[in-house]
Amino acid sequence: MHMADALLSPAVGATMWAVSVGATGYGIYKIKEADLSEKKLPMMAVSGAFVFAAQMINFTIPGTGSSGHIGGGILLAILLGEFPALLTIASVLVIQCLLFADGGLLALGANIFNMGVIPCLIVFPLIRKILQKGVDKKKLTVVSVAGSVIGLQLGAFCVVLETLCSGIARLPFQTFVLLMQPIHLAIGLGEGIVTAAVVVFVWQMRPEIIKSAVNAEKIEKTVSVKRLVAVLGVVALITGGLLSLYASSNPDGLEWSIEKTAKTTEIENQSKTHSLLGAVQEKISLLPDYDFKSQEGSGTSFSGIIGAGVTCVLALSAGGLIRIVKKRNKKEA
């Protein structure tokens, strides 16, 4: 559901940038020291790498000619808590945009809002209230599926609203929304199944991780997360480096909806802002569309491994830097 720049006017794009920067800044302000403990930071890194890799795998939606991939916001929130999750999914989306030209520069703010702010700051707090009454395998499964569906439905609807406010005449509201919502309902169910599988696996291996996120508590030093981090790290590398080769070639839900609505996938919006940002993104993206610029050989596996690794480093570095600053401010206070 990564939006391209052509789907937004400069005014709407700038507004969504401001909203997402403000939400992320609020998240950083609200992050507690317990959220960035020495046990939580490695989890941020490997879970971010996993989500990056998993987003490379589009699964086919039977009978539609479309496909979808997980958003990852609900998964990260259940594993990390809402604010660390938002920071992590923002890291994923920034890497995808800058390194792989997946989602436009102008649209980055909208993508962070639709795929990060909504699931992490709006949907997960509702999930937390349910899980605080008691956590078990069945309840985790239900909230993972329901949260993924609700988060993706809200995100898809926001995409429609953002194109409406941008005045994209080729995407009339009624037609576009009637295509976007059902296809993303199907994608949300697929994401929910993946999310539930990962969350239940973590719960069975280290329930303290889930309890820490639900109760916004520090993971005790006696709890070892090394094995879990190693497992998730290996799975991320296998997913990005190998399983990504078998991703569906069908257009994703957003592309499919655009094609069905506008009868084309090429929405033109060539203002000076669009041209400038498009040129900048073309220069800085080293592996556009997850492939080599020379297009000599398949760069998919390489992109999956590199992207997962860079995301891991960025999430770890961002979390570590915030932790240092908060500790310093606490000492000064």
Side-chain angles (χ1 to χ4, degrees), residues 1-26 55 66 68-69 71-73 86 89-122 151-181 183-184 187 251-285 288-290:
M1 200 169 62
H2 296 72
M3 297 182 74
D5 284 348
L7 298 178
L8 297 175
S9 67
V12 172
T15 299
M16 295 312 298
W17 258 93
V19 171
S20 292
V21 168
T24 305
Y26 172 75
Q55 285 193 10
S66 179
H69 61 72
L86 177 58
I89 193 65
S91 299
V92 172
L93 294 168
V94 167
I95 293 299
Q96 289 172 333
C97 177
L98 299 184
L99 193 57
F100 302 98
D102 189 3
L105 275 173
L106 178 63
L108 181 56
N111 287 330
I112 290 175
F113 181 82
N114 299 336
M115 300 173 69
V117 175
I118 288 174
C120 296
L121 301 191
I122 297 175
L152 204 52
Q153 284 291 288
L154 291 175
F157 188 67
C158 282
V159 169
V160 177
L161 290 180
E162 288 152 7
T163 59
L164 176 67
C165 293
S166 296
I168 308 300
R170 302 198 68 173
L171 298 174
F173 176 82
Q174 185 173 351
T175 304
F176 196 32
V177 77
L178 288 176
L179 287 165
M180 281 287 285
Q181 300 309 130
I183 197 65
H184 284 91
I187 295 170
D252 68 17
L254 176 56
E255 294 168 340
W256 179 86
S257 299
I258 291 172
E259 186 174 6
K260 293 290 184 181
T261 304
K263 309 306 178 186
T264 179
T265 57
E266 301 297 325
I267 302 294
E268 295 184 4
N269 201 339
Q270 291 300 319
S271 69
K272 290 183 178 179
T273 302
H274 287 90
S275 298
L276 175 61
L277 292 178
V280 170
Q281 189 175 33
E282 184 178 356
K283 286 186 177 182
I284 61 178
S285 58
D289 296 322
Y290 304 95

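Hydrogens, waters and symmetry mates are skipped; everything else that's a heavy atom, side chains included, is used.
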Self-check item: Side chain Q181, main chain Q153, donor-acceptor under 3.5 Å
Solution: yes

Exercise. Could you pull out the closest heavy-atom pair between I89 and G71, with the gap in Å?
Key: CD1-O, 3.5 Å

Practice problem: Using the test side chain to side chain contact (heavy atoms under 4.5 Å, CB included), find all partners of S91 that sit at least two apart in sequence or belong to another chain. | Solution: L314, A315

Exercise. Grab the two heavy atoms, one from H274 and one from P10, that are nearest each other, plus how far apart they are.
Key: CE1-CD, 3.7 Å

Self-check item: Beyond-backbone contact of L7 with L254, side-chain heavy atoms, under 4.5 angstrom
Solution: yes

Quiz item: Quick check: does any side chain N or O of E259 sit under 3.5 Å from a backbone N or O of W256, one acting as donor and the other as acceptor?
Solution: no

Exercise. Write down the atom of H184, the atom of L152, and the distance for their closest heavy-atom approach.
Key: O-CD2, 3.5 Å

Practice problem: May I ask you to test the I118-C158 pair for a side-chain heavy-atom distance under 4.5 Å? | Solution: yes

Exercise. For the residue pair Q281 and L277, establish whether any side-chain heavy-atom pair is separated by less than 4.5 Å.
Key: no

Table please: side-chain donor-acceptor pairs of residues 94-117 below 3.5 Å, with sequence neighbours left out.
| from | atom 1 | to | atom 2 | distance (Å) |
| --- | --- | --- | --- | --- |
| Q96 | OE1 | H2 | NE2 | 2.7 |
| Q96 | NE2 | Q55 | OE1 | 2.7 |
| D102 | OD2 | Y290 | OH | 2.6 |
| N111 | OD1 | M3 | N | 2.8 |
| N111 | ND2 | M3 | O | 3.3 |
| N111 | ND2 | A107 | O | 3.3 |
| N114 | ND2 | A110 | O | 3.1 |
| N114 | ND2 | E162 | OE1 | 3.0 |

Self-check item: S20 side chain to W17 backbone, donor-acceptor under 3.5 Å
Solution: no

Quiz item: From I267 CD1 over to L171 CG, what is the distance, rounded to the nearest 0.5 angstrom?
Solution: 4.5 Å

Quiz item: Given side chains that start at C-beta, do those of T264 and R170 come closer than 4.5 Å, heavy atoms only?
Solution: yes

Quiz prompt | For L86 against A23, the heavy-atom pair lying closest together | solution = CD2-O, 3.8 Å

Exercise. Tell me, please, which residues at least two apart from T175 pass side chain to side chain contact (heavy atoms under 4.5 Å, CB included).
Key: P172, L179, T261

Self-check item: side-chain contact (heavy atoms from CB on, under 4.5 Å) between L161 and F173, intermediate numbers included
Solution: CA-CA 8 Å; L161 290 180; F173 176 82; 4.0 Å; yes

